[in-house]
Amino acid sequence: MSSKKRLQTVRNSINEIDEKIIELMAKRTQLAPEIATLKFSLDMDIMDSSREKDVYAKTREISKKYDFDSEIAIEVMKILIEQNKKLQLKQLEKLKLESKPISKSNLKSE
Ligand SMILES: C=C(O[C@@H]1C=C(C(=O)O)C=C[C@H]1O)C(=O)O
């Protein structure tokens, strides 16, 4: 195979892997609203430092397993975790609004 053809083949592999990475990041992020709803029902804070420490520890463990730079993996997880918390806060605001009693002034006169 020519080097040019091989380069395209490898790039196609990267394209396929990139799509899988984004798919998994999307799936992880899509769980944020349910987490927020569950925490709301359990009266838990959005921020859970203990859980984050576990996630980072697991990130280092898995990075070692795949001989991948754990600091890079940690940076990626930091971004995903911060985004997750932002989406949870958004969901929490929605839940708080929905759980507010409707005041008489909000009720339209018949
Ligand atoms: C997803 C959660 O909420 C937050 C986000 C986390 C994450 O994205 O991994 C971990 C802990 C929390 O600060 C959770 O509590 O499990």
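Just so you know, residue 1 is the first one in the sequence shown, and it goes up from there. The structure presented is a predicted model; accordingly, all values stated were derived computationally and were not measured. Counting starts at 1 for both ligands and their atoms, in listed order.
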Among T37, D43, I35, whose side-chain contact (heavy atoms from CB on, under 4.5 Å) with K39 holds? I35
Audit row: N12, E16, side-chain hydrogen bond (donor to acceptor under 3.5 Å, both in side chains) steps and yes/no: CA-CA 6 Å; N12 289 342; E16 289 170 13; over 6 Å; no
For atom 6 (C) of ligand 1, what's the nearest protein heavy atom and its distance? I81 CG2, 4.1 Å
S49 versus ligand 1: do any nitrogen or oxygen atoms come within less than 3.5 Å of each other? no
For L92 against A36, the heavy-atom pair lying closest together: N-CB, 4.5 Å
Would you mind finding which of R28, R51, K86 brings a heavy atom closest to atom 8 (O) of ligand 1? R28
Between K78 and E52 (salt bridge meaning N to carboxylate O under 4.0 Å), is one present in this structure? no
Q88 neighbourhood, listing ligand 1 atoms whose heavy-atom distance to it stays under 4.0 Å: 1 (C), 2 (C), 3 (O), 4 (C), 5 (C)
Does ligand 1 have any atom sitting under 4.0 Å from a heavy atom of K39? yes
Under 4.0 Å between heavy atoms, the region of K85 that gets near ligand 1 turns out to be side chain
The answer for which part of N84 has a heavy atom under 4.0 Å from ligand 1 is side chain
E52 heavy atoms, cut-off 4.0 Å: which ligand 1 atoms fall inside? 10 (C), 11 (C), 12 (C), 13 (O)
Does a side-chain heavy-atom distance below 4.5 Å link K58 with E61? yes
Determine whether the side chain, the backbone, both or neither of L31 has a heavy atom under 4.0 Å from any heavy atom of ligand 1. neither
Test side chain to side chain contact (heavy atoms under 4.5 Å, CB included) on F40 and Q91 and set out the steps. CA-CA 10 Å; F40 183 67; Q91 174 69 3; over 6 Å; no
When Q83, E23, M77 are each screened for side-chain contact (heavy atoms from CB on, under 4.5 Å) with R28, the one that passes is M77
Mark up the atoms of ligand 1 that fall under 4.0 Å of a heavy atom belonging to I46, in ascending order. 3 (O), 4 (C), 12 (C), 13 (O)
Any carboxylate oxygen within less than 4.0 angstrom of a Lys/Arg side-chain nitrogen, looking at K86 and E82? no
With atoms numbered from 1 as shown, which atoms in ligand 1 lie under 4.0 angstrom from a non-hydrogen atom of V55? 9 (O)
